Amino acid sequence: MKYIFVTGGVVSSLGKGLAAAALGTLLEHRGLKVLIQKFDPYLNVDPGTMSPLQHGEVYVLDDGAETDLDLGHYERFTNGKLSQLNNLTSGQVYENVIRNERKGKYLGATVQVIPHVTDEIKNRIHEVAEKMDAEVIITEIGGTTGDIEGLPFLEALRQFQLDEGRQNVIFIHATLVPFIKAAQELKTKPTQQSVAKLREIGIAPDVILCRSEHEVEEDHRRKLSMFCNLPQESVIQFLDLENTIYEAPLKLHEEGLDRIVCQLLGLDTKEPDLTNWRNMVDRMVNPTHKVKIAVVGKYIELQDAYKSIYEALTHAGAANDCRVKIIRIDSEKLEEKDVPTLLAKADAILIPGGFGERGIEGKVAAAKFARENSIPYFGLCLGMQIATIEFARNVCGLEGANSVEFDENGPHPVICLLEEQKEVEDKGASMRLGTWEAKLKKGSLANRLYGTLEVSERHRHRYEFNQDYREQMEGAGFSISGSSPDGTLCEIVEIPHHPFYLAVQFHPEFQSKPTAPHPLFSGFVKAAMDAKG
Ligand code: GLN
């Protein structure tokens, strides 16, 4: 097994996760079996309890693990299916160590960061290597070198390299090489200092990945090579991408990243054939058509909160030879009277997932507008619950219809809690999570788009469609076109006589890839194109 650890220096938000993902793409194209994972030094056991404003989207895996959004990049850029083993946090590490201590596993010993915490981290790496099918494991370390929280991880990795040998374990350090306007110059000092910090811990990077807005010239590379003690060809620039993140593998390949990594790890592989990937990027960058899709959500100002949705729309756009321009609409500011003007420019409307009451009425108004004006509507998770509330209120005449999440004692709880959820006390990892099967209604829009009658999709929600209202709502034209195999849970709803009105209780966005766009997203973008005419 070969191991690549990706650390970050100078600042956060360097695109480390993207770089790790892109390297994964390149190694896969060289014929290697790759797995990418993340270590997050924060103390939460998982990001499931964090606000999107803190942490961006929570990405959900097949097995129900709630993980960092970088795992979304990893799954989109490579073929590896990830599991809960692939996002290790300090919270999990300490939870295990303390549990072991209580069990008496370290009987007699003083339990310490070294060796107990560091061993726990190393054990996890070995567990992943044993259980998962891969030849190369790329691990991104969250945070920035020098963070107090990150130290046990880096110490564990230093030991790990010693145990496994430098020919099997390498470090890639991603840093910022800033451009100082006044001096009209790139500056390498922050990188030098961040590498010095890493070396203080005992880790010498094998590759430095320089994130920069401007070309990192020969003399910068020479300087970095000398001060950071590595060959000049291992100083690699990673410039801002012009068009799409999917260019990253192509750019990093031009810079020789995959060749150098394989050399360092003694991996004898073929040159990667990136033709298909390049064609896919071309389709994304130069499409013939264009549509505008309004995303009505409450975390709209945040680039990362709906990451997988934006990516899935991009994939679906490329599949339809179409550029999807996203109009971001803040549901909290959306009042019913402004809906026609604000949504007039949109060819289609998407309502993403969400929690809590804030911004709900704006979303209901947007759903109503889409239904009444035959505008394509796609609801995801909360977006399905909103569609249900809107239809119940305005078509079935169920005044005050709502979800019990927003109105505990309302007259018509059309979205409710299942009995088993009522007993849940802990907030962490207690929702309906991960992959669940659904059976589709023959001839429905969902069936036509998927081309099959059985699907499995990823979930992350607590509330469900209330089956007590099923008959009344179906009688009024609200079609339940997807249900759990036992028929008790509603998974997909549609309005048949509408050009495209589809809402799902799950998150199809987590299974869309640039190389395999999700059929519901593709159908939605196609409907937006048709609506535009
Ligand atoms: N808040 C809703 C629920 O818990 C929807 C969740 C979501 O959109 N992910 O059921």
Side-chain angles (χ1 to χ4, degrees), residues 2-8 12-40 47 56-62 65 67-83 85-88 128 132 134-143 170-174 207 209-211 236-241 243-258 260-262 272 274 276-278 280-281 284 303-304 307-312 314-315 318 509-517:
K2 304 286 181 179
Y3 302 89
I4 301 167
F5 294 105
V6 182
T7 56
S12 59
S13 303
L14 276 176
K16 243 189 313 151
L18 180 59
L23 176 59
T25 311
L26 293 174
L27 297 182
E28 261 189 4
H29 280 78
R30 283 180 174 267
L32 294 163
K33 253 193 210 137
V34 182
L35 188 106
I36 319 178
Q37 58 172 5
K38 184 153 191 202
F39 289 172
D40 274 311
E57 160 188 286
V58 173
Y59 185 77
V60 181
L61 303 178
D62 276 341
T67 70
D68 185 82
L69 58 83
D70 276 318
L71 276 83
H73 282 318
Y74 309 160
E75 285 200 329
R76 288 189 279 273
F77 276 77
T78 59
N79 296 316
K81 281 262 177 212
L82 301 179
S83 86
L85 286 177
N86 303 120
N87 191 187
L88 181 66
V128 169
M132 301 195 78
E135 292 161 296
V136 182
I137 298 178
I138 303 174
T139 308
E140 178 194 352
I141 320 301
I170 62 165
F171 286 91
I172 298 179
H173 192 52
V207 174
L209 208 56
C210 304
R211 284 284 289 110
I236 288 186
Q237 68 173 359
F238 186 18
L239 300 181
D240 291 351
L241 299 164
N243 304 296
T244 151
I245 56 168
Y246 299 104
E247 287 172 341
L250 304 174
K251 297 288 180 209
L252 290 172
H253 177 65
E254 280 167 25
E255 295 293 324
L257 177 66
D258 49 317
I260 288 165
V261 162
C262 287
L274 295 167
N276 287 344
W277 194 273
R278 191 166 289 119
M280 180 265 293
V281 169
M284 262 180 205
Q303 185 65 24
D304 279 349
K307 187 109 211 154
S308 294
I309 296 174
Y310 297 153
E311 292 308 318
T314 306
H315 309 158
E509 68 272 23
F510 294 147
Q511 294 205 81
S512 182
K513 289 178 183 237
T515 47

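Please read all numbers here as calculations on a predicted model, not as lab measurements.
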Take Y74 and L35 through the test side chain to side chain contact (heavy atoms under 4.5 Å, CB included) and record every step on the way to the result.
CA-CA 8 Å; Y74 309 160; L35 188 106; over 6 Å; no
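- Separation of atoms NZ (K307) and CD1 (I245) is listed at 6.0 Å; rounding is to 0.5 Å.
- Applying the ring-ring contact (aromatic ring centres under 6.0 Å, His included) test to Y3 and every residue at least two apart in sequence or in another chain returns F160.
- The shortest heavy-atom contact between K81 and M132 is O-CE, 3.6 Å.
- One distance of note links CD of E57 with CD of E509; it measures 6.5 Å at 0.5 Å rounding.
- Not counting sequence neighbours, K251 has no partner by the side chain to side chain donor-acceptor pair (under 3.5 Å) test.
- For E135, the side chain to side chain donor-acceptor pair (under 3.5 Å) test picks out no residue, with sequence neighbours left out.
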Applying side chain to side chain contact (heavy atoms under 4.5 Å, CB included) to L23 and I172, what does each step give before you reach the verdict?
CA-CA 11 Å; L23 176 59; I172 298 179; 3.7 Å; yes
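- In this structure, CD1 on I36 lies 4.0 Å from OG1 on T78, to the nearest 0.5 angstrom.
- Annotation: side chain of L82 is not in contact with side chain of T67 (no heavy-atom distance under 4.5 Å).
- When side chains are defined from C-beta on, L209 counts as touching L252, because their heavy atoms get closer than 4.5 Å.
- The shortest side-chain heavy-atom distance between E140 and D68 does not fall under the 4.5 Å cut-off.
- A22 and P249 get closest at one heavy-atom pair: CB-N, 3.7 Å.
- Legend: residues meeting side chain to side chain contact (heavy atoms under 4.5 Å, CB included) with P517, ordered by chain and number and at least two apart, are H315, A319, S522.
- With sequence neighbours left out, R76 forms a salt bridge (Lys or Arg N to Asp or Glu O under 4.0 Å) with no residue at all.
- Residues that satisfy the side chain to side chain contact (heavy atoms under 4.5 Å, CB included) test with T244, not counting sequence neighbours, are Y246, E247, V281, M284, V285.
- Atom-to-atom distance recorded for T7:OG1 and F171:CZ is 7.5 Å, nearest 0.5 angstrom.
- By the side chain to side chain donor-acceptor pair (under 3.5 Å) test, D70 is found to be paired with K38, residues two or more places apart in sequence or in another chain being considered.
- Nearest heavy-atom pair across Q511 and D62 is OE1-OD1, 4.3 Å.
- Note: N87 CG to L71 CG = 5.0 Å, rounded to the nearest 0.5 Å.
- In this view, Y59 and F510 satisfy the ring-ring contact (aromatic ring centres under 6.0 Å, His included) rule, not counting sequence neighbours.
- L241 is listed as a side-chain neighbour of L18, based on a closest heavy-atom distance under 4.5 Å.
- A search for side chain to side chain contact (heavy atoms under 4.5 Å, CB included) contacts involving T139 returns F5, Q37, F39, I137, I141, not counting sequence neighbours.
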Return all side-chain donor-acceptor pairs below 3.5 angstrom for residues 24-33, not counting sequence neighbours, or 'none' if the list is empty.
{"unit_1": "T25", "atom_1": "OG1", "unit_2": "A21", "atom_2": "O", "d": "3.2"}
{"unit_1": "T25", "atom_1": "OG1", "unit_2": "F77", "atom_2": "O", "d": "3.0"}
{"unit_1": "E28", "atom_1": "OE1", "unit_2": "N79", "atom_2": "N", "d": "3.2"}
{"unit_1": "E28", "atom_1": "OE1", "unit_2": "N79", "atom_2": "ND2", "d": "3.1"}
{"unit_1": "E28", "atom_1": "OE2", "unit_2": "N79", "atom_2": "N", "d": "2.8"}
{"unit_1": "H29", "atom_1": "ND1", "unit_2": "T25", "atom_2": "O", "d": "2.8"}
{"unit_1": "R30", "atom_1": "NE", "unit_2": "D258", "atom_2": "OD2", "d": "2.9"}
{"unit_1": "R30", "atom_1": "NH1", "unit_2": "T269", "atom_2": "OG1", "d": "3.0"}
{"unit_1": "R30", "atom_1": "NH1", "unit_2": "K270", "atom_2": "O", "d": "3.3"}
{"unit_1": "R30", "atom_1": "NH2", "unit_2": "D258", "atom_2": "OD2", "d": "3.2"}
{"unit_1": "R30", "atom_1": "NH2", "unit_2": "E271", "atom_2": "OE2", "d": "3.2"}
{"unit_1": "K33", "atom_1": "NZ", "unit_2": "D133", "atom_2": "OD2", "d": "3.4"}

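- For K16, there are no side chain to side chain donor-acceptor pair (under 3.5 Å) partners, not counting sequence neighbours.
- In this view, Q237 and E215, V216, R221, L239, E255 satisfy the side chain to side chain contact (heavy atoms under 4.5 Å, CB included) rule, not counting sequence neighbours.
- Contact between P47 and V58 at its shortest, heavy atoms only, is O-CG2, 3.5 Å.
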